[in-house]
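As structure tokens, the structure follows; a few thoughts come after it.
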Amino acid sequence: FKYAVDNGRSNIVALHKANIMKMSDGLFLEECRAVAEQYPQIKYREMYLDSACLKIVKDPTQFDMMLMPNLYGDIFSDLTSGLIGGLGLAPSGNMGKDGIAIYEAVHARLMISLLRTKETQQPFSCQDS
């Protein structure tokens with residue numbers, strides 16, 4: 001929520017499966033709600049992950065910022081990367097406190113298979129030095 005305020009975001013939707021994962025996602029939502037109360041300037045809502053997957057494919061503009069447990073983030077990022085051409089085109093980053101961030105390169109196996117030529121089936125490799 002602090003990230004949303006600091007970066008001019010006005011809406012957060014928490015994605016969950018609390019109907020199935022009652023304890024873990026139930027706790028996640030309890031904590032989200034508690035923090036949301038401290039940020040009344042942020043519009044907070046909750047949505048089932050399944051519904052959000054459908055909605056983001058149909059109209060991604062309805063989402064400003066999403067908050068979800070790690071597993072759902074992995075699933076959701078796979079889905080959304082498919083909208084732009086696949087995992088090979090979607091590097092990711094995790095932003096932490098004090099400007100610390102960890103970035104993950106694109107999925108190497110997919111990039112290698114995409115860069116192989118039909119004639120030689122030799123992989124193509126690029127490296128930063």
Side-chain angles (χ1 to χ4, degrees):
F1 285 81
K2 181 177 179 336
Y3 179 88
V5 170
D6 292 347
N7 290 278
R9 300 297 189 175
S10 58
N11 295 290
I12 293 179
V13 59
L15 304 183
H16 65 91
K17 289 189 68 79
N19 57 331
I20 305 297
M21 308 291 287
K22 294 181 187 321
M23 292 182 72
S24 59
D25 285 16
L27 178 60
F28 170 73
L29 290 178
E30 284 178 27
E31 293 301 314
C32 287
R33 291 170 190 149
V35 175
E37 288 179 8
Q38 300 171 29
Y39 293 87
Q41 70 274 35
I42 301 291
K43 180 181 176 194
Y44 171 74
R45 60 192 173 120
E46 299 169 356
M47 186 180 296
Y48 288 120
L49 176 70
D50 311 64
S51 178
C53 287
L54 173 66
K55 289 180 180 199
I56 200 154
V57 169
K58 292 177 91 175
D59 179 19
T61 63
Q62 63 187 296
F63 295 97
D64 185 24
M65 192 170 157
M66 293 173 282
L67 182 62
M68 66 196 88
N70 186 53
L71 174 63
Y72 305 152
D74 187 51
I75 293 167
F76 209 77
S77 66
D78 289 352
L79 168 74
T80 54
S81 70
L83 298 173
I84 62 160
L87 287 172
L89 302 173
S92 66
N94 294 296
M95 285 37 138
K97 291 183 178 181
D98 303 321
I100 297 171
I102 298 173
Y103 293 92
E104 178 184 353
V106 295
H107 293 269
R109 291 215 184 270
L110 179 59
M111 286 305 292
I112 289 170
S113 67
L114 289 173
L115 295 172
R116 287 183 187 207
T117 63
K118 280 188 173 181
E119 297 80 22
T120 63
Q121 289 296 304
Q122 296 298 316
F124 175 85
S125 175
C126 292
Q127 296 180 358
D128 282 335
S129 40

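The figures that follow rest on heavy atoms only: side chains count, while hydrogens, waters and symmetry mates do not.
- Rounded to the nearest 0.5 Å, atoms CE (Met66) and CG (Leu49) are 10.0 Å apart.
- Each of Lys43, Met68, Arg45 was checked for a side-chain contact (heavy atoms from CB on, under 4.5 Å) with Val13, and the lone residue meeting it is Arg45.
- Listed by chain and number, the residues in a side-chain contact (heavy atoms from CB on, under 4.5 Å) with Ala101 are Met95, Tyr103 (sequence neighbours excluded).
- Taking the six-membered ring wherever Trp is involved, the centroid distance between the rings of Tyr48 and His16 falls below 6.0 Å.
- A donor-acceptor contact shorter than 3.5 Å is absent between the side chain of Asn7 and the backbone of Arg9.
- A donor-acceptor contact shorter than 3.5 Å is absent between the side chain of Glu37 and the backbone of Ala34.
- Both Phe63 and Ile75 are part of a single hydrophobic cluster, where members link through side-chain heavy atoms under 4.5 Å apart.
- Under the 4.5 Å side-chain contact rule for hydrophobic residues, Met47 and Leu27 do not share a cluster.
- Between Lys17 and Asp25 there is no salt bridge, since no side-chain N of the basic residue sits under 4.0 Å from a carboxylate O of the acidic one.
- Within 6.0 Å of atom CE in Met21, 12 or fewer heavy atoms from other residues, nucleotides or ligands are found, so the atom counts as exposed in its surroundings.
- Connection of Leu71 to Ile20 is established within a shared hydrophobic cluster, with ILVMFWY side chains joined at heavy-atom distances below 4.5 Å, either directly or through further cluster members.
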Task: Worked check of salt bridge (charged side-chain N to carboxylate O under 4.0 Å, His left out) between Lys2 and Asp6 - done: CA-CA 6 Å; Lys2 181 177 179 336; Asp6 292 347; 2.6 Å; yes
TODO: Determine, stepwise, if the pair Leu79 / Ile56 fulfils side chain to side chain contact (heavy atoms under 4.5 Å, CB included).
DONE: CA-CA 9 Å; Leu79 168 74; Ile56 200 154; 3.9 Å; yes
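- No continuous path of ILVMFWY side-chain contacts below 4.5 Å connects Leu54 to Tyr72, so the two sit in separate hydrophobic clusters.
- To the nearest 0.5 Å, the span separating CG on Leu15 from SG on Cys53 amounts to 8.0 Å.
- Follow the hydrophobic side-chain contacts under 4.5 Å out from Met65 and you reach Val35 in the same cluster.
- Side-chain N or O atoms of Ser81 include one that pairs as donor or acceptor with a backbone N or O of Ser77 at under 3.5 Å.
- For the pair Ser10 and Asp64, the tightest heavy-atom approach, listed with the atom from each and the gap, is N-OD2, 3.0 Å.
- Nearest approach of Phe28 to Ala14, heavy atoms of both residues: CE2-CB, 4.2 Å.
- Using a 4.5 Å cut-off on side-chain heavy atoms (C-beta onward), Asn11 and Ile42 make no contact.
- With a 6.0 Å radius and a threshold of 12 heavy atoms from other residues, nucleotides or ligands, Tyr3 has its OH atom at or below the threshold.
- Between Val57 and Leu83 the shortest side-chain heavy-atom distance falls below 4.5 Å.
- Between Tyr44 and Phe1, the ring-plane angle classifies as tilted under the 30° and 60° cut-offs.
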